[in-house]
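Before any comments, here is the structure.
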Amino acid sequence: MICPYCGKEMEKGLIQSPQEIAWLKGDKKHMFGRAVLHEGSVILSQLSVMKGSAVTAYLCRDCKKVLIDYSDRISDYNAR
Ligand SMILES: [Zn+2]
């Protein structure tokens with residue numbers, strides 16, 4: 001993955017959580033962050049009580065950006 005800011009190669013890694021990982025619209029933190037409760041949300045990794053959740057993420061240390069490409073379903077470890 002090429003960093004869209006500086007054009008250098010990004011480092012592949014992952015973000016993991018014991019909870020579902022989802023993007024939620026707006027700037028308000030919610031008591032209950034499940035995507036199903038919030039219109040317009042995007043699930044990045046499905047909740048798995050047994051396995052937890054994880055999604056592939058790319059890091060640019062120079063730009064201090066983390067990029068998640070959710071167009072590819074295998075970015076979600078629980079969809080593999
Ligand atoms: Zn960069």
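Here the structure is a predicted model, which means the values were calculated and not measured. Order of listing sets the numbers, starting from 1, for every ligand and every atom in it.
Pairing each heavy atom of Ser75 with each of Asp69, the nearest pair is OG-O, 3.3 Å.
Heavy-atom neighbours of Glu9 CD from other residues, nucleotides or ligands within 6.0 Å: above the threshold of 12.
Using a 4.5 Å heavy-atom threshold, the side chains of His30 and Leu24 count as touching.
Residues Ser45 and Asp76 bring a donor and an acceptor atom of their side chains to less than 3.5 Å of each other.
A donor-acceptor pair under 3.5 Å is formed between the side chain of Glu20 and the backbone N or O of Ala35.
Applying the under-4.5 Å side-chain rule to Ile, Leu, Val, Met, Phe, Trp and Tyr, the cluster around Ile21 extends to Ile15, Trp23, Val42, Leu44, Val55, Leu59, Val66, Ile68, Tyr70.
If you count the protein N, O or S atoms nearer to the Zn ion (ligand 1) than 2.8 Å, you get 4.
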